[in-house]
Amino acid sequence: MAEAQLEMLDLGDLEAVIGLEVHVELATQSKLFCGCATTFGAPPNTQVCPVCLGLPGTLPVLNARAVEYAVKAGLALGCQITERSLFARKNYFYPDLPKAYQISQHERPLCRNGAVTITTPEGLRRIGIVRVHLEEEAGKLVHSGDSIIGSEATHVDYNRAGIPLIEIVTAPDLRSPEEARLFLEELRTILRYIGVSDVRMEEGSLRCDANISLRPKGSTALGTKTEVKNMNSFRAVVRALTYEAQRQAEVIRSGEAVRPETRAWDEARQVTVAMRAKEEADDYRYFTEPDLVPLVLTQERIEGWRAELPELPAARRERFVASYGLPEYDASVLTSSRLVADFFEAVAQEVGDAKLASNWVMGEVLRWAKTEGGEVVELPVSVQGLAELLGLLRQGVINQAAAKSVLEEMVASGRGAREIVAERGLEQISDRSELEALVDRVIAENPKPVEDIRAGQTKAIGFLMGQVMRLSQGKANPQQVRELLHERLGVGG
Amino acid sequence: MSQELRLTREDVERVARLAHLGLTDEEKEHLQRDLSLILEAFDRLREVLTEGVEPTTHLVPQESVLRPDTVRPSLPQGQVLANAPETRDGFFRVPRILEES
Amino acid sequence: MEILQHAHELAERLERREISAEEVTQAYLDRMERLEPHVHAFLARTPEQALATAREVDRRRAQGEPVHPLAGIPVAVKDNLCTEGVPTTAGSRALENFRPPYSATAVARLHEAGLPLVGKTNLDEFAMGASTEASAFGPTRNPWDRERVPGGSSGGSAAAVAAGQVPWALGSDTGGSIRQPAAFCGVVGLKPSYGRVSRYGLIPFASSLDQVGILTRDVTDAAHLLEVLAGHDLADSTSVDAPVPAYRKALQAEPRGLRIGLPVQFFGDQIDPAVRQAVRQAVDRMAEAGAEVVELSLPTVEHALACYLVLAPAEASSNLGRYDGVRYGFRAQPDGRPAKDVTEMFLATRGEGLGLEVKRRILLGTYVLSAGAYQTYYLQALKVRTLIRQDFERAFEQVDVLATPTTPTTAFRLGERLERPMRMYQSDLCTVPVNLAGLPAISLPCGQDAGGLPVGLQLIGRYLDEAGLLRAAYAFEQVAGCRAAVPPLAHLGTGAGEVTIHG
């Protein structure tokens, strides 16, 4: 079968039913059950202690901050918080799993029954969150060659083992790979907003597995699903699910049955490959972790954490549209990062012109902003700096073109707008007599265009405008120049 | 012993696979018999009336034992690897991974 | 120095500077060496380390620095407690040559108190057994009869204390592993309440049942050592954050006012008549001296052994998954060559590294947790556990302690039960209910059977009431004569039962 054809997923009379299991690393300082640091990129096996190495006799002690972050994530995803939750052991063998069990949650997860609303081309869609639970990360396998499978030997680094994770399980509410991507983007934005995770996919701090099945459109039954693993970017999620949906469609159309199995996305070949059949290997023999006591959270504690949550992106988007009169698209760009949204609001307030602030933040400011992994991490100017610049622009002291060049220099030198404008003499020429002299000179020097304009070909006014601006070294107030030209040449308006 | 055993040889093999225990044929035979006898001894346990009884998962009275999110020193890499059967360049080394299918 | 002194007596002599810690330690090291070929109680001996600790204690005492009252009294530790830099095997080939980079909290507390560690004692592999025959490094012999087992799994610690190789030792008790060998070897064995002593660094068998405890020659020593070990530990979430009383001060010989319960289920046909009789006699003596004795019933206790045989292996199957040859311990080389892939390495390492009894329990535990069996066995056992706890709670509304035999029989012969696992498990019949309920219990020597083998009497106390339990035990010791005797083997190689220590 050919590789996944993006934008071309057409399943005919079938529809995809997709549910996601998303693992997100929490941004705690120390690991979930021991004091080892969680810093990314340390030399192998240097952030390891007897506990996270699974040495016999060691015991876990739960990190309070991880609990707080997991609950905040649950609250932000609209979940109910379980007052008395339990930890469980998930037993399986793999070289990256030091104890041969993962401490996770099974029967009483921390958070349940939430939802996230995503905006699709067909409108708003509510995606159910079945559960959010807390668990520990496994170590990292490093292998020679380009794939684990078939490599000569495997090397294990346990620095990652024990970093706190939340697993977010959605209901099978997603209907296309594109919806899956939209959901993941929204999820990422929410989690970054509340500050519980950096959500850096390239560092593996967000990973996603998907369950996907097909069914005839209009049916409410669920078809046989496969689980797709190893999707390491949002793009990979879309491609893998598109591929897998098409593969299942072909299987079904050929009259065969989809096999319930776990499949891996092969990034190099852009295909999903069968890993193993479900059933026996998935018998994890969960039981309550005897080394940890029940986690009991009072309503007071939960409500305290809820009160600490910032305004969430969806609410903020709506508010930006309603109170600043921004278009949906602008609101959504501005709210995609809490840093940007906060910046925009502060500038808008300072300048008193939301539309102007929005245009500048979305255009020039984001152009110069520092990003890491698709997230804005640092803005190029301060709120005060941009407000000062936009103030000069609004007052007509400088024009648009000059403002752009001033911002560029502000970013490069860190100096203030007023200082740069003064030094470079960029103040706009708004003095009428000065402008009249310039306009009259241009009219005198360009008889042909002037004649054309008087004959009704008003397009040539643009040419004359350009001549005036050139003559003023870009400082003439364009609005006033236009008015003067109209006046002198007797053009209506 | 003509009586039918509670566990079949296949049961023993399935459970041994789950537990990643390599067993000799002789061990499988022993364990099939032993485990079957032990399971017979559980018959009366299964008959105890436990409707409405909460399972005991913990014995101690305290709840929510938490530690602050404070970083504490890790072990030096040399100590982490000191007991390992095989290492290379700061990593634990294991034979290649073949996915079961 | 007379052999088989009690630690608290040694402590007094050390305090008065009649002897030095180094002399005491050296004397025990000599005894340990001399008797070891006959007993095989130890898997590792640490004489240099012990003497270094002893000398440090002597130096501190000489310079007038504060020292713990028990400082300088040697101790042995069961080899499933991690000791930094000292091999810790849990009796398994899977951990051969394993040197932990950290010490168990219990071991660290001994060290802080200045108790010289003389060695690590033998045990059934991963504490799974009742005879110490399941050790990968050969069985320990019972000092009372070398053809018999010392019990298990803390058989090394019990035999070492009985033979006088050490004045006291640490053990662990999951279903009777301290009390049963204490009974077989004729010494005192204390299992504190679950949570009273930190489990951090105890290589787990079954985490919800395991408890670190003590083997001594009398109740006073047990009280002394418990004070060192007990207390909250931030590294163990299941350790209880409750005050630790001064246990020594709780010891009173007065039997009046003591209410002793005799649960009928512990005096049935499964108990050897000689054992029943010895226990009854001790209780009768207490009654004659003024204690109140009542018979009562713990109806669910008859299911305790089955309940235990579901729960303990289930937890064990998970606890023992980590012995996979990746990070530490044994790694198999099937057919002398490195494994061709990681799954083969796992299977061979676990297949060769673990003994038959351990495999039996891992398989049983894996089975009862597996899909389809979980509800029938595991969940049912958790519920029966609740009923057993409730039985005990009701009993303690009427009485202060329960008195039972510790074991159904006295020590059995080596090899006698190895091929019959159910018979072996029966040995824990009277002790497992206590672990299921998390209660404190102590086994006291209670006379001998016709063959001269020690009989054990078990006292069970209220949860976290070690003080009440030790008080009752002390009364049994003083009033009913429940005292440790000296096995003939302990005199081996000595003159008239003396070792010479000058000072």
Side-chain angles (χ1 to χ4, degrees), chain A residues 33-35 45 48-62 87-103 106-107 139 141 143 148-156 158 161 276 279-295, chain C residues 80-82 88 90 94-95 98 100-105 126 198-204 206-210 233-239 311 314-315 317-329 338 342-343 345-347 350 365-374 378-379 382:
Chain A
F33 297 120
C34 65
N45 296 305
V48 175
C49 73
V51 174
C52 56
L53 191 56
L55 290 189
T58 57
L59 297 170
V61 186
L62 184 58
F87 288 86
R89 292 188 185 176
K90 179 180 182 179
N91 297 286
Y92 66 96
F93 288 83
Y94 213 61
D96 63 5
L97 194 65
K99 302 184 293 293
Y101 58 81
Q102 177 194 34
I103 302 178
H106 187 54
E107 276 175 10
L141 299 177
H143 41 84
I148 293 180
I149 299 154
S151 123
E152 265 312 294
T154 299
H155 297 89
V156 197
Y158 292 106
R276 53 181 164 80
E279 293 167 35
E280 188 177 291
D282 289 337
D283 190 345
Y284 292 118
R285 292 156 281 132
Y286 283 101
F287 70 102
T288 302
E289 167 60 280
D291 291 333
L292 291 168
V293 295
L295 176 63
Chain C
N80 59 352
L81 283 156
C82 285
T88 302
L95 281 176
F98 173 62
Y102 79 103
S103 284
T105 300
F126 289 109
S198 170
R199 291 185 296 118
Y200 189 76
L202 169 66
I203 296 180
S207 312
S208 80
L209 298 155
D210 294 342
D233 178 14
L234 293 171
D236 176 1
S237 307
T238 65
S239 97
L311 298 181
E315 293 181 23
S317 72
S318 173
N319 283 331
L320 272 68
R322 69 189 69 189
Y323 306 108
D324 59 9
V326 176
R327 293 158 300 278
Y328 44 80
V342 81
T343 302
M345 192 275 277
F346 282 172
L347 289 168
R350 294 169 58 73
T366 304
Y367 176 74
V368 298
L369 286 174
S370 67
Y374 179 90
Y378 185 72
L379 191 60
L382 289 180

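By convention in this document, chain letters (A, B, ...) are assigned in the order of the sequence lines, proteins followed by strands, and residues within each chain are numbered from 1.
- Contact count against chain C (heavy-atom pairs under 4.5 Å) is highest for Pro95(A) among Pro95(A), Pro60(A), Ala100(A).
- Contact of Ala104(C) with chain A is not made at all, since no heavy-atom distance falls under 4.5 Å.
- In this structure, Lys90(A) fails the cation-pi test against Tyr286(A), since its NZ or CZ atom is not both closer than 6.0 Å to the six-membered ring centre and inside 45 degrees of the ring normal.
- Among Pro204(C), Gly325(C), Ala235(C), Cys82(C), the residue making the largest number of heavy-atom pairs under 4.5 Å with chain A is Ala235(C).
- For the residue pair Arg89(A) / Ser318(C), a side-chain donor-acceptor distance below 3.5 Å is found, with atom types taken as modelled.
- Among Val342(C), Leu234(C), Asn319(C), the residue making the largest number of heavy-atom pairs under 4.5 Å with chain A is Asn319(C).
- In this structure, chain A has heavy atoms under 4.5 Å from both the backbone and the side chain of Tyr200(C).
- Residue with the most contacts toward chain A among Leu379(C), Asp210(C), Ile203(C), Leu95(C): Ile203(C) (heavy-atom pairs, distance under 4.5 Å).
- In summary, Asp291(A) and Arg199(C) engage in a salt bridge, as defined by a charged side-chain N under 4.0 Å from a carboxylate O.
- The CG atom of Leu62(A) lies 4.5 Å from the CZ atom of Phe87(A); values are rounded to the nearest 0.5 Å.
- Neither the backbone nor the side chain of Asn80(C) comes within less than 4.5 Å of any heavy atom in chain A.
- Listed options Ala206(C), Ser237(C), Ser198(C), Pro100(C) were ranked by heavy-atom pairs under 4.5 angstrom with chain A; first place goes to Ser237(C).
- Using a 4.5 Å cut-off between heavy atoms, Leu202(C) touches chain A through its backbone atoms (N, CA, C, O) alone.
- Between the side chains of Arg322(C) and Tyr101(A), a donor-acceptor pair is found at a separation under 3.5 Å.
- Partner of Tyr323(C) under the side-chain contact (heavy atoms from CB on, under 4.5 Å) criterion, chosen from Phe126(C), Phe98(C), Phe346(C): Phe126(C).
- With a 4.5 Å cut-off on non-hydrogen atoms, Leu320(C) does not touch chain A at all.
- For a residue to count as touching a neighbouring chain, one of its non-hydrogen atoms must lie under 4.5 Å from one of that chain's; by this rule Thr105(C) does not touch chain A.
- Side chain of Asn91(A) to backbone of Thr366(C): no donor-acceptor contact under 3.5 angstrom is found.
- Looking at Pro98(A), both its backbone and its side chain come within 4.5 Å of chain C, counting heavy atoms on both sides.
- Side-chain contact, Ser239(C) with Asp233(C): no donor N or O sits under 3.5 Å from an acceptor N or O.
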